[in-house]
Amino acid sequence: MSRLPVLILLLLQLLVRPGLQAPMTQTTSLKTSWVNCSNMIDEIITHLKQPPLPLLDFNNLNGEDQDILMENNLRRPNLEAFNRAVKSLQNASAIESILKNLLPCLPLATAAPTRHPIRIKDGDWNEFRRKLTFYLKTLENAQAQQTTLSLAIF
């Protein structure tokens with residue numbers, strides 16, 4: 001009897017064990033890494049939807065803010081802006097801890113940013129919520145497109 005099936009099973013087990021996997025990099029499986037990022041984004045959005053909800057439509061941002069939040073080369077500076085702004089909010093420690101872990105989910109910038117990152121008024125929960133929700137949805141959409149393209153290549 002061949003030992004090949006047993007060897008293959010052992011190798012597969014090594015591949016799926018979290019402690020033995022290679023650290024996440026740009027070349028690591030996009031689908032696997034995106035699952036973790038997507039879970040973090042979903043968790044933040046759940047926290048953002050907690051009462052009290054604003055009376056304003058928080059999907060309504062001016063065009064300049066939308067452009068800043070969608071610009072690829074501002075993803076990291078925008079995340080830093082959200083990390084700074086969340087410190088001025090009350091009862092946002094859960095969001096703060098998740099935001100700190102979101103950095104590896106962002107692709108590296110391909111060029112230097114041409115403008116300043118998003119501005120968020122200190123202590124303004126509604127503005128923070130509105131802008132962060134838009135930013136996270138933009139990240140989800142961009143990652144979904146990138147994953148689709150990557151899977152099409154394979």
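The residues of the chain are indexed from 1 along the displayed sequence.
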Heavy-atom closest contact ([X] atom, [Y] atom, distance):
X	Y	value
T138	L69	CG2-O, 3.9 Å
N83	K100	OD1-N, 3.8 Å
N73	P113	O-CG, 3.3 Å
I120	I118	CD1-CG2, 3.9 Å
I44	L136	CG2-CD1, 3.4 Å

Identify which one of [options] satisfies the side chain to side chain contact (heavy atoms under 4.5 Å, CB included) criterion when paired with [X].
X	options	result
F128	D122, T133, L48	L48
R75	L102, L108, L139	L139
H47	L132, N91, I98	I98

Practice item. Check whether any side-chain N or O of R130 sits under 3.5 Å from a backbone N or O of L61 as a donor-acceptor pair, and report yes or no. Key: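 No; zero donor-acceptor contacts below 3.5 Å.
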
Check your understanding: Judged by atom type as modelled, is there a donor-acceptor pair below 3.5 Å linking the side chain of N72 to the main-chain atoms of T110?
Key ->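 Absent.
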
Point to revise | More than 12 heavy atoms of other groups within 6.0 Å of R115 CZ | key: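 Above 12, so yes.
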
Review point. Any chance CG of N62 has more than 12 other-residue heavy atoms, nucleotides or ligands included, within less than 6.0 Å?
Key: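 Yes, enclosed.
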
Review point. Quick one: do E127 and K131 make a salt bridge, cutoff under 4.0 Å?
Key: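 Here E127 pairs with K131 in a salt bridge, since their nearest N and O are under 4.0 Å apart.
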
Point to revise | Test item: T114 and E71 side chains (from C-beta on) under 4.5 Å apart, heavy atoms | key: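 Yes. Closest side-chain heavy atoms under 4.5 Å.
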
